Amino acid sequence: MSEEKSLNFIEEIVEADLSSGKYQSIVTRFPPEPNGYLHIGHAKSICLNFGLANKYGGKTNLRFDDTNPVTEDTEYVESIKDDVRWLGFNWAEERYASDYFEQLFDFAIKLIEKELAYVDDSTSEAIAQQKGTPTQAGTNSPFRDRSVAENLELFKAMRAGQFKDGEKVLRAKIDMAHPNMHMRDPIIYRIKHAQHHRTGDQWCIYPMYDFAHGQSDAIENITHSVCTLEFIPHRALYDWFIEQLEIFPSKQYEFARLNMTYTVMSKRKLLQLVNEQHVNGWDDPRMSTISGMRRRGYTAEAIREFCDRIGIAKRDNLIDVGLLEFCVREHLNKIAVRRMVVFDPLKVVLTNYEGDGEILWSENNPEDQNAGNRQIPFSKELYIERDDFMEVAPKKYFRLAPGQMVRLKSAYIIRCDEVIKDASGMITELHCTYIPESKSGSDTSGINVKGTLHWVSARHAVKAEVRLYDRLFKVEDVGNAEGDFKDHINTDSLEVISNAYAEPALVADSSDNRYQFLRKGYFCLDKDSTAEKLVFNRTVTLKDTWAKEVKKG
RNA sequence: UGCCCGAUAGUAUAAGGGUAGUACAACUGAUUUUGGUUCAGUAUGUCUUGGUUCGAAUCCAGGUCGGGCAACCA
């Protein structure tokens, strides 16, 4: 008996609509504006919209809400399509609000004919003035009572390009005293002599969001139009247009957008980070964009799992970025092959080791027997991690220290005999003895050690660059922190290790390969890699209870 | 001061009149050739005041607190 998973409030609505017979099947849509790259907040919406259709046997359209030519671009269209596909979703149809410009224009004509829209010559300042305030009713525009004929003529003249930007707008005629500000004769068309990324210079008037979104939903027979909370006050308008235009009654439902600790989640801010070069582009691995997370090594499975776990509700939320990292680790632990890489090398000489060296074996992934084994060369001179040694070790320190023993992973137990320093007192190498009977797999030494270290053979090591990322912001709630969000940027969010030493089995060929660098974290190949130099991104660290212990003191 | 949303452990999210549960985070311990993984366990919660009811997180009323709404943005 598997436990029935509880439904979120939107699934409940869908199930009710299906069981009441209101709909036989559902149609949803994911409606990005192509003016920026998608971020993890969009992933939540994508998983919701596509997830609903998948679960209830419906379909989802990808619709670009491209009604503002000034900010939009095909570069964004392409990136958005890539990201949605990468996340693992297939849209039924690729649509554009701009596909409907002619139809939308006709809708506007219909409204004018019904005396529900008028051309207004007021300046934008005057219109803002007329709107009133939330607590104060607005006032009518002096152009509100133009005749249908005059409105028709003027609106067509607007389309024909007879006016300059801002000279005239088309407004819905509703109620300037309405308690909902959005119902106070909202602007539905404005003049913009601008090149549109798809329609070129075909149009010089463009519909506003409120006059495009709901109608586009209706045209596509969207049954459940899911959006975020800030559109709640728009719903009245959404419904009003559908009713007046007598078109398919799509319904809008709102859920709370995703906020995440140590992260900004607005296209405007992300754009600013890119433009002002606080990061290296939209796909910088520190960015909360889908493309950034992809480059960093997060998997689509992990992101989908995350979206599933955070749930859907209507209250504002701030999700711990740690949950995302948990999902990433959880997936990577199962699929990543293990390799040993030393970031900050300290030479170890095995004084009693004779011969040219030998080949040892180690498992590629202890979580997955099918992942097989690999060969690792072992020799007299090795590198270990500098902070895996302490001259004066505290209690409970299981790593190397003078006189102390540790196991080298998949190799032998060694004991530290002597610490070699240079003139400045800097430790340059460790002289150790190895225990021949302690070889992994055939250990007859009877020695038990608490610590196991990763290592590489000095002679066989391969150099690689490793990029370590930390959170981009220093404060938890960036959105509500004092001052400008850029004041809180973590200037130490990128650390580059240009000469890490890797075992020779680390010959990455694709960023689809996921690695766990033993005791270090999960890594993937970066696109900056060349034949001469491999570059790895740290996707996420391993959980580190020892570091926590040290911190506690 | 108008209209609209919301309020359950630290953070999220369930329970739809009948035992407040789950996950992450935290903390104990066990296992471990990764101080990883896994496993076992602990602590912490219904905004408030009334009402309805045998019984309220849930229904009703008042309050409090938080958020949104006055772009020719979406």
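Because the structure is predicted, anything quoted here is derived from the model rather than measured. Computed from heavy atoms alone, side chains included, the values below leave out hydrogens, waters and symmetry copies. In what follows, chains are A, B, ... by sequence order, proteins preceding strands, each numbered from 1.
Scanning atom types as modelled, no donor and acceptor separated by under 3.5 angstrom connect the side chain of A:Arg329 and the base of B:G36. Taking only distance into account, the side chain of A:Arg309 never meets the base of B:U13 through a donor-acceptor pair shorter than 3.5 Å. No hydrogens or angles were tested; on distance alone, nothing pairs the side chain of A:Arg519 with the base of B:U34 as donor and acceptor under 3.5 Å. A donor-acceptor contact under 3.5 Å is formed by the side chain of A:Gln516 with the base of B:U34.
Nucleotide B:A23 forms a pair with B:U11, judged by Watson-Crick or G-U wobble geometry with both contacts under 3.5 Å. Searching all strands for a Watson-Crick or G-U wobble partner of B:C65 with both distances below 3.5 Å returns B:G6. Both distances falling under 3.5 Å, in either a Watson-Crick or a G-U wobble arrangement, occur for no nucleotide opposite B:G17. Nucleotide B:A70 is matched to nothing when pairs are restricted to Watson-Crick or G-U wobble geometry with both distances under 3.5 angstrom.
Among B:A74, B:U34, B:A14, the nucleotide with an atom closest to any side-chain atom of A:Ser6 is B:A14. Comparing atom distances between the A:Asp544 side chain and each of B:G35, B:C73, B:A12 picks out B:G35 as nearest. The side chain of A:Pro134 lies closest to B:C69 when the candidates are B:U28, B:C69, B:U34. Picking from B:A25, B:U37, B:C69 the nucleotide with the shortest atom distance to the side chain of A:Asn333 gives B:U37. Distance from the side chain of A:Glu367 is smallest for B:U37 among the nucleotides B:A12, B:G6, B:U37.
By the 5.5 Å and 30° criteria, A:Tyr209 is not stacked with the base of B:A74.
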